[in-house]
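What follows is a set of notes on a single structure, which appears directly below.
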2 protein chains.
Amino acid sequence: MNYSPKFPVQWLPFMVMVLSILLTGISAGWTDIPRLSPTRGVIIEHPDFLSSATVSDLRTFYYPQTLDHFNYQPQSYATFQQRYVMNFKYWGGAKKSAPVLAYLGAEGPLDGDLTVIGFLNDNAVRFNALLVYIEHRYYGKSIPFGSREEAFKNASTLGYFNSAQAIADYAEIIMHIKNKLRAFYSPVIVVGGSYGGMLASWLRLKYPHVALGALASSAPILYFDKITPRGAYFSVVTKDFREASETCYQTIRNSWSVIDRIASQPNGLSTLSMIFKTCKPLKSSSELKNELENMYAVAAQYDRPPRYPVTVVCGGIDGANEKQDILDKIFAGVVAYKGNCSCYINPPTNKSETDVGWRWQTCSEMVIPIGIGKRTMFQPEPFNLNNFLQECKSLYGVPPRPHWVTSYYGGHNIELVLHRFGSNIIFSNGLRDPYSRGGVLENISESILAVHTVNGSHCLDILPEMESDPEWLVKQRETEVKIIKGWMAQYYADLKAIQIKP
Amino acid sequence: MNYSPKFPVQWLPFMVMVLSILLTGISAGWTDIPRLSPTRGVIIEHPDFLSSATVSDLRTFYYPQTLDHFNYQPQSYATFQQRYVMNFKYWGGAKKSAPVLAYLGAEGPLDGDLTVIGFLNDNAVRFNALLVYIEHRYYGKSIPFGSREEAFKNASTLGYFNSAQAIADYAEIIMHIKNKLRAFYSPVIVVGGSYGGMLASWLRLKYPHVALGALASSAPILYFDKITPRGAYFSVVTKDFREASETCYQTIRNSWSVIDRIASQPNGLSTLSMIFKTCKPLKSSSELKNELENMYAVAAQYDRPPRYPVTVVCGGIDGANEKQDILDKIFAGVVAYKGNCSCYINPPTNKSETDVGWRWQTCSEMVIPIGIGKRTMFQPEPFNLNNFLQECKSLYGVPPRPHWVTSYYGGHNIELVLHRFGSNIIFSNGLRDPYSRGGVLENISESILAVHTVNGSHCLDILPEMESDPEWLVKQRETEVKIIKGWMAQYYADLKAIQIKP
């Protein structure tokens, strides 16, 4: 273990993050892909969101991780340094078999998560828990092959970058920590959000000997194959806006054909560029439409207190002068959401690690087939699996395996399968989150539980507790803590019973 | 699917099999390895063991299997033809969601198993079941890389040869069959023996959406790391012999030092070669001792009715003239066991597919650390993990991963882990089987059950039913069938409840 007293915290400011997400929608051949991006982790909106954890309590370690857990070729034995961070401050210790809360990193560097994932820090005292945060392979400082450049070179180096390997990484590191600390009987609860939430639930299912339970926040584990209707995501976006304001919804709904009409006129793109104060002249109307679609999607996905972005956007749209043109109203919504900027659409930006990494992941394993169906406030845009496969293949040389997630982890008939199998998973969701439709929304058994809130948004429950939290959010978190306490109580009782046995 | 009306049945006669097992113990550097061999599948002792299945009911198919399920490198996408065999004769059909009994091939070609694994054929009518038998990758006709020569070339081609890949193969083929037959709701029970029994229990644990339950016969899933005492295997061999005959046990126990004494004399090896009628002159006393050790081990492991090999060996030893030398008595035991042969030790033999394949498997993943402790009828021979790792590395260029099985599948504190996780596994064992000590011998939960018989041997319960079966064996099988029927009844009730739901 390497002890590193300080770790770099690279904040991803909200605006840059959103804009970089939007950027990925530009490439004409990728019209279906931007739909997937809203899963990208937790976005920092307000600096006061930062948890009270003092950075000095966190210690960084590196584990020499096996490159390929499921293959015995010589090159599979290569190792890379995988980063994990621990906070011992609140831990009750190995002798008491005090618990471990382990956050499983998702599709980005770990740095941001350390203070944003409030659930660990907020509950450390309640559980006397050791806090562990583990970075996902191929992100942040956990890069195989010595460098990002080498690791992302082609499918031969990217081939090891998938969820089964990542979950095995997490299992190995958790076992390593428990062995090192001689905390053999400390129960481990794994926590994750969004893609990381999927990993948490799957780790509990695949490695019950490593994790006693999982809190899977906003984990759309059923948004694969055709389990969830492909149009569900944008149906919820639409619902969120319509519930916020019928006129706002109508305005957005009517705006697309107006954009198309103007775009088809001579100098139409220049006109649109002016109306929306674009940073670069538009090359196509779909550039604009993709960015708007994504803005609405992100606003809905993260429609959380105290700001409630959907209300903000609709406030802009509805607040515009009644006599203004429809696109001026839309632009007023953009300004309301993004604030005062020198320009709004097509801003210069760099691709983030998440953009690059998650694109590979969606193009190999995590094929989440989101399209836009009829009866939304958007123009229909069905997900075309064949096009998707072709585009991925042309990009990486290898096609995705779109059915592997459900082959390896299941998902079809989940109630029938897990009603009498497995235990100790919380699937938490906020129903305003469009991804919630791909989540588990009903209890499956006595301990595979769905905890959702009507007004909640993506991963809201695992963000830091705040004074301003609404009561329903406070209650949701209390429910989750109570459930986990129940698992632990039962575990300690079982442990005692077994240790007493002759 | 390729339809092949006939399949080749390559019988491995008992003697050749045993002798080929014994052969593997000769190489001086591998003194610890022969201990592992007794796990090698079911040995055919009597031709009348063949099940009543008529070969014409069996249809052979091939599935284009993915080489590496857990990697997205271009070469991972290569496929090989994996063989599986089906018997539709008794199946109730997809409309009735009639069940599937799926036998998971172990460390050998599938051919022998088709009629030896009586459990499927004997229970097909009871369950109206579709029978499926799937061959393990790298055995029989399921060879990647186009040829055995290529597949077994080195660690680069052998790297894909491991249990996680094999279980994923089985899962994919079972899902493929269900899709092809539109038998989406047919419950699947996976059945396996010995190593194949481990695979069956692990498949149920890792892929509950693929298999409703598992019958894991004589699966020593706890003979890894230090969960089971390393000397347990040969302690049971000793117990079996001692229970059969105290004098026999004493004779065997005293024989080793006599062999050593004679071997150390001038021309001692010639003397031993003459006493034991070896096929080739002995080069060392350990050649002889390894073969005897293995004979006792195999006799104990397969100490089953109606022959009861331990009794046969002891009959020979005890039946010898009281005045005969101790080694003449031992030789009388060898003759009693092996019958009339022109020679007895060191017979010419070829390495079987199992010898070659299982050696790789034990040298990469399936590190079963069996040694000989004190207080047995053998000379102590502790398992030396470091030597083992070194020997494997020098053989294949890559070292084993001795802790991976327990990392991926668990095993430590199994009662604590699975008491409230998972369901529907029968761990069946016969306590005369030395491997039973590495099996699950106590119920873990209401549906993870241990079914064992005091007088049973290795995989006895899944062999074909015979008129001469003792009552305890008949009862064991009845218990297993009753348990599986219970799982199915519950499943169909759950299915009905879910399908009725609005």
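Here is the naming used below: chain letters follow the sequence lines, and residue numbers restart at 1 for every chain. Here the structure is a predicted model, which means the values were calculated and not measured.
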**Item:** Aromatic ring proximity A:Y170/A:Y84, centre distance under 6.0 Å
**Value:** no
**Partner chain B: residue of A:N71, A:V210, A:V417 with the largest heavy-atom pair count (under 4.5 Å)** = A:N71
**Item:** Max heavy-atom pair count under 4.5 Å with chain A, selected residue of B:P208, B:S76, B:P400, B:S163
**Value:** B:P208
**Item:** Most chain B-contacting option - heavy-atom pairs closer than 4.5 Å, from A:Y207, A:Y408, A:Y409
**Value:** A:Y408
**Portion of B:T406 that has a non-hydrogen atom of chain A nearer than 4.5 angstrom** = backbone
**Message:** For the residue pair A:K96 and A:Y185, would you count it as a cation-pi contact if the rule is NZ or CZ under 6.0 angstrom from the ring centre and within 45 degrees of the ring axis?
**Reply:** no
**Prompt:** chain B heavy atoms under 4.5 Å from A:N154: which part of the residue, side chain, backbone, both or neither?
**Reply:** neither
**Request:** Could you check which of B:E365, B:H419, B:H403, B:E172 has the highest count of heavy-atom pairs closer than 4.5 Å to chain A?
**Result:** B:E365
**Prompt:** What's the shortest heavy-atom distance between A:M488 and A:P99, and which atoms?
**Reply:** CE-CB, 3.4 Å
**Prompt:** Relative to chain A, which segment of B:A164 carries a heavy atom at a distance below 4.5 Å: side chain, backbone, both, or neither?
**Reply:** side chain
**Request:** May I ask you to check whether A:H69 and A:D169 show a side-chain donor-acceptor distance below 3.5 Å?
**Result:** yes
**Side chain, backbone, both or neither of B:N424 within contact of chain A (heavy atoms, under 4.5 Å)** = neither
**Aromatic contact, B:W360 with B:Y138 (centres under 6.0 Å)** = no
**Message:** Looking at chain A, which one of B:Y491, B:F161, B:Y72 has the largest number of heavy-atom pairs inside 4.5 Å, strictly under?
**Reply:** B:Y72
**Fill in**
Per-residue tally against chain A (heavy atom, under 4.5 Å) across B:K206, B:Q75, B:H412, B:Q165 peaks at B:K206
**Message:** Need one label for B:L416: side chain, backbone, both or neither, based on atoms under 4.5 Å from any heavy atom in chain A.
**Reply:** both
**Message:** Counting the benzene-type ring for Trp, do A:Y160 and B:F70 have ring centres under 6.0 Å apart?
**Reply:** no
**Asked** Under a 4.5 Å cut-off applied to non-hydrogen side-chain atoms, are B:I174 and B:V132 in contact?
**Response** no
**Prompt:** Is the distance between the ring centroids of B:Y195 and B:H136 less than 6.0 Å?
**Reply:** yes
